[in-house]
Amino acid sequence: MKTIIEKVDVVVAGGGTAGHIAAIQAGRLGVKTSVIEAGTMLGGTMTAGGVYMPNHFFNTRGPVVQGIPWELYIRSKEIEGLPIPDYQKRRPMETPGYYSYINVPVYAAIAEEEALLAGAILHYHEFIAEVKAEGNLWEVTSFGRGIKRVTKAKEIIDCSGDSDVVRILGLKVLRSTVSQPGTLQYKIEGIEHEQIWKEEVQKIYEEAMDDGTLKKGDWAYPNLEPFQYYLAHGGHNGTHIYDADTSEADGQTRANIEGRARMLRMFKFVRTSIPGCERATLKMMAPYALARETYHTLGEILIESDDFLKAVDFEDKVCNAFNYIDMHSQETGCEVQFLKSEDLLPKVPFRALIPKDSRRITVAGRNISANRIAFAGIRAQCTCMAMGQAMGAAAALAVQKNAASRDVDSRDIVAVTIEHGAVPL
Ligand SMILES: Cc1cc2nc3c(=O)[nH]c(=O)nc-3n(C[C@H](O)[C@H](O)[C@H](O)COP(=O)(O)OP(=O)(O)OC[C@H]3O[C@@H](n4cnc5c(N)ncnc54)[C@H](O)[C@@H]3O)c2cc1C
């Protein structure tokens with residue numbers, strides 16, 4: 001195995017939803033940035049994971065996340081030849097958000113193109129396994145096939161989703177005794193919907209649950225919607241894997257195996273038992289199962305439920321966090337709680353992205369320091385991307401000022417992101 005030493009200013013740990021935007025922002029600010037990504041492409045959950053629905057660029061009042069995420073979204077729509085949805089058209093209050101969809105191959109390719117154009121160095125297929133401080137530099141050791149890479153960097157942005165770097169460093173993390181279920185994304189196509197009689201389908205589904213053909217969680221949301229809904233979406237995002245733990249390889253393996261077993265069981269049931277599904281085909285399966293919630297970083301502040309629900313206007317806010325509370329569980333399937341007023345626009349404080357008692361490291365995305373309820377609202381993709389942009393700016397400013405990211409003024413971070421298209425706060 002060869003050992004490679006690489007010197008950069010900023011290392012982005014994980015090039016997923018938050019990480020790819022962090023890298024583009026830092027790179028565009030002229031600091032030498034590398035991304036170490038265990039997977040095969042940029043975008044993480046929103047591309048490789050098959051969750052191609054970034055929420056929310058807009059709320060009912062106007063834009064809430066723009067900047068680099070919106071720029072990539074617009075470019076991907078241009079390449080696809082598709083119009084940008086009219087986000088001024090109001091949706092009903094029951095679903096106070098504007099859903100967006102990306103095309104995974106197009107988006108992953110342009111994210112990569114933009115990251116390279118910004119000067120970011122991309123390392124796929126590498127896992128970060130060790131991190132230590134050597135004087136004023138971090139030494140981040142990652143392993144890939146035939147490669148051991150030691151990256152020396154001034155700043156780290158942990159965008160691993162499971163707080164990997166924070167855990168390696170022994171900094172404080174939070175993990176609740178219960179966590180939201182995970183999901184393996186797949187899609188069944190070829191369902192002849194006009195052949196399907198809703199009441200009959202519901203009866204067949206309930207019988208299959210009673211006689212054990214199907215298991216709890218195969219259709220995750222029976223509390224919210226009839227089985228017809230599952231068919232209407234071809235099963236997409238419709239199955240739960242309880243206790244999915246992607247924070248270590250054994251847990252990831254178990255979740256993958258269980259997800260695929262659930263998928264196959266459901267597909268066999270749908271194709272052989274539901275009239276109108278005889279010609280159904282299993283069209284898409286994400287390569288790995290996803291967790292909604294594992295380890296959160298304990299930051300300099302913990303975002304509490306009311307901070308989110310009452311949209312506290314934090315002095316050190318760095319981006320918006322518009323969403324509803326989207327709490328998946330084994331007991332109920334899913335419960336949602338909307339903000340009480342359309343005027344409420346929750347914020348992410350910088351301190352929730354600084355690991356407690358740390359220097360020269362920030363986090364973005366699912367790693368955020370928040371309690372379970374607030375987290376169930378903050379974890380949406382546009383917020384994760386906006387956090388990524390803000391922390392990319394924070395790391396670059398720190399390098400330029402020869403300071404630590406935690407000492408950068410949040411107002412300077414916001415000013416830089418606005419220069420790069422973000423929504424003023
Ligand atoms: C099933 C499901 C459905 C969802 N539905 C929606 C939805 O409809 N709309 C919405 O807006 N949000 C949705 N969410 C929430 C949202 O997708 C996630 O919260 C968000 O994508 C997390 O972004 P992230 O950047 O924190 O993590 P990720 O996007 O998962 O990125 C983490 C990256 O880090 C890499 N990585 C991890 N560890 C290491 C390591 N040690 N070394 C190197 N690389 C590493 C991973 O390979 C990955 O690419 C959903 C989530 C799930 C699980």
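Counting starts at 1 for both ligands and their atoms, following the listed order.
Considering G365, A18, A244 only, the shortest heavy-atom separation from atom 25 (O) of ligand 1 involves A18. Among A289, A48, A38, the residue whose heavy atom lies closest to atom 44 (N) of ligand 1 is A38.
Listed by number with element, the atoms of ligand 1 under 4.0 Å from a non-hydrogen atom of I36 are 43 (C), 44 (N). Of all the atoms in ligand 1, the ones that sit under 4.0 Å from a non-hydrogen atom of A380 are 11 (O), 12 (N). Residue D164 approaches ligand 1 through these ligand atoms, each under 4.0 Å from one of its heavy atoms: 38 (N), 39 (C), 40 (C), 41 (N). Near M53, meaning under 4.0 Å from one of its heavy atoms, ligand 1 places the atoms 7 (C), 8 (O), 9 (N), 10 (C), 11 (O). Close approach of ligand 1 to G44 is summarised as follows: ligand atoms under 4.0 Å from at least one heavy atom of the residue are 29 (O), 49 (O). Atom numbering of ligand 1 starts at 1 in the shown order; those under 4.0 Å from a heavy atom of L290 are 53 (C).
Screening residues 8-30 for salt bridge (charged side-chain N to carboxylate O under 4.0 Å, His left out) gives D9-K154, R28-E71, R28-E114 as the qualifying pairs, with residues at least two apart or on separate chains.
Residue K132 places its NZ atom among 12 or fewer non-hydrogen atoms of other residues, nucleotides or ligands, all under 6.0 Å distant.
A salt bridge (Lys or Arg N to Asp or Glu O under 4.0 Å) with D326 is found for one member of R379, R292, R372 and no other, namely R379.
With sequence neighbours excluded, no residue forms a ring-ring contact (aromatic ring centres under 6.0 Å, His included) with Y288.
For atom 19 (O) of ligand 1, the closest heavy atom belonging to the protein is R379 O, 2.7 Å. For atom 21 (O) of ligand 1, the nearest protein heavy atom (residue, atom name, distance) is T17 OG1, 2.8 Å. Among protein heavy atoms, atom 26 (O) of ligand 1 sits closest to R366 N, 2.7 Å.
Annotation: N55 places an N or O atom under 3.5 Å from an N or O atom of ligand 1; distance criterion only.
Contacts with ligand 1 closer than 4.0 Å are made by side-chain heavy atoms of N237 only, the backbone lying farther away. Of the heavy atoms in C159, only backbone atoms (N, CA, C, O) come closer than 4.0 Å to ligand 1.
Under a 4.0 angstrom heavy-atom cut-off, A291 registers as being in contact with ligand 1. Distances from ligand 1 to the non-hydrogen atoms of E126 include at least one value under 4.0 Å. For M46, the heavy-atom gap to ligand 1 stays at 4.0 angstrom or more.
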